[in-house]
Amino acid sequence: MKHFTLIIILLLTAAMHSQKEIGYISNNSGDKITMYDGSNSNESKAIRGLAAGIFGPMGFNDNFFYYFDADGHVEEIQNTDYSEVNVGDGQVKFMPLPHSKNGIGLRVHRIIAKSDKYILGNYTAQGSEFFYIFDLDKNLVESRIPHSATKKVSQKAIEKVKEYFGDCN
């Protein structure tokens, strides 16, 4: 009976300290790094202090993507060291993409749509939202298309996006 009680206590303790997997990072060597929700972490507020862009229990800035590891510690990976981040069952995807036509200045973009020719990314800067359009080789095609500020601005953005994505919703 003592062993049974000890096993139950250990299982309950493990369950209390477990975390939920929220997605993965595909690094350049082809490995997948699992990201967690940070529910067992005392560092949960630190990720907001470290990162400029936040989407749930992860963050990013001009140089790094921040995430929680299995132990609840905030880890970082340079934007040059991974190809994409998938959150959930792939419903949300982020990619480090060039911020200029010469390919310099990788920034993290939330991927809105992909076609057989183009990638539509969303980039947030100083509280404003911008669309960026890339070809499938990740070359910048269109940059800083503002949207979501006013109805007129959004309509212009949709018109520009439709030039590349047709009648995409």
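- Residues Gln78 and Asn63 have side chains that never bring a donor and an acceptor to within less than 3.5 angstrom of each other.
- Side-chain contact annotation: Thr124 with Glu129, donor-acceptor N/O pair under 3.5 Å present.
- Minimum heavy-atom separation, Ala157 to Pro146: CB-O, 3.3 Å.
- Within 6.0 Å of atom CG in Asp89, 12 or fewer heavy atoms from other residues, nucleotides or ligands are found, so the atom counts as exposed in its surroundings.
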Before giving the answer on side-chain contact (heavy atoms from CB on, under 4.5 Å), spell out for Phe68 and Val74 the whole-Å C-alpha distance, their side-chain angles and the decisive distance to 0.1 Å.
CA-CA 5 Å; Phe68 286 104; Val74 175; 3.6 Å; yes
Using the side-chain contact (heavy atoms from CB on, under 4.5 Å) rule, take Phe131 and Asn122 through it: C-alpha gap first, then chi angles, then the decisive distance, then the call.
CA-CA 5 Å; Phe131 286 138; Asn122 186 73; 4.0 Å; yes
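- Using modelled atom types, one finds a donor on one side chain and an acceptor on the other under 3.5 Å when comparing Tyr66 with Asn61.
- Nearest heavy-atom pair, Ser83 versus Lys138, reported as atom, atom and distance to 0.1 Å: O-NZ, 4.0 Å.
- Put simply, the side chain of Val92 reaches to within 4.5 Å of the side chain of Arg110, judged on heavy atoms.
- With rounding to the nearest 0.5 angstrom, the CG atom of Leu136 is 6.5 Å from the OG atom of Ser115.
- To the nearest 0.5 angstrom, Ser26 atom OG is 4.5 Å from Glu84 atom CD.
- For the atom pair Lys156 NZ and Ile158 CD1, the distance stands at 13.5 Å (nearest 0.5 Å).
- You'll find the side chain of Leu97 stays beyond 4.5 Å of the side chain of Leu140, heavy atoms only.
- For the atom pair NE2 of His109 and CD1 of Ile119, the computed distance is 10.5 Å after rounding to the nearest 0.5 Å.
- Residues Gln19 and Asp71 approach most closely at NE2-N, 4.1 Å, considering heavy atoms.
- Residues Ile22 and Met58 form a side-chain contact, since some pair of their non-hydrogen atoms from C-beta on lies under 4.5 Å apart.
- Residues Ile25 and Val108 fall within the same hydrophobic cluster, defined by Ile, Leu, Val, Met, Phe, Trp and Tyr side chains chained together at heavy-atom separations under 4.5 Å.
- A donor-acceptor pair under 3.5 Å links the side-chain atoms of Lys101 to the main chain of Val141, judged by distance alone.
- Annotation: the span from Met35 atom CE to Ile77 atom CD1 amounts to 10.5 Å, rounded to 0.5 Å.
- Linking ILVMFWY residues whenever their side-chain heavy atoms come closer than 4.5 Å, directly or via other members, leaves Leu106 and Ile33 in distinct clusters.
- In this structure, Ile112 is a member of the same hydrophobic cluster as Tyr118, with clusters built from ILVMFWY side-chain heavy atoms closer than 4.5 Å.
- Salt bridge annotation for Asp135-Lys117: absent, with no cationic side-chain nitrogen under 4.0 angstrom from a carboxylate oxygen.
- Contact between Ile104 and Ser100 at its shortest, heavy atoms only, is O-OG, 3.0 Å.
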For Phe65 and Asn79, what are the C-alpha separation, side-chain angles and deciding distance, and is it a side-chain contact (heavy atoms from CB on, under 4.5 Å)?
CA-CA 6 Å; Phe65 192 91; Asn79 290 342; 4.3 Å; yes
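- Linking Ile, Leu, Val, Met, Phe, Trp and Tyr residues whenever their side-chain heavy atoms come within less than 4.5 Å places Phe60 and Val87 in a single cluster.
- Of all non-hydrogen atoms in Gly72 and Ser41, the two that sit nearest each other are O-OG, 2.5 Å.
- Residues Tyr67 and Phe94 share a single hydrophobic cluster, defined by chaining ILVMFWY side chains whose heavy atoms lie under 4.5 Å apart.
- Residues satisfying the side-chain contact (heavy atoms from CB on, under 4.5 Å) criterion with Glu142, sequence neighbours excluded, are Ile133, Ile145, Lys160, Tyr164.
- Between His99 and the options Phe130, Tyr123, Phe134, a ring pair (Phe, Tyr, Trp, His ring centres under 6.0 Å) holds for only Tyr123.
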Stepwise side-chain contact (heavy atoms from CB on, under 4.5 Å) test for Arg144 and Tyr132
CA-CA 6 Å; Arg144 291 188 69 89; Tyr132 280 66; 3.0 Å; yes
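- For the 3.5 Å distance criterion, the side chains of Tyr82 and Asn27 fail to qualify, holding no donor opposite an acceptor.
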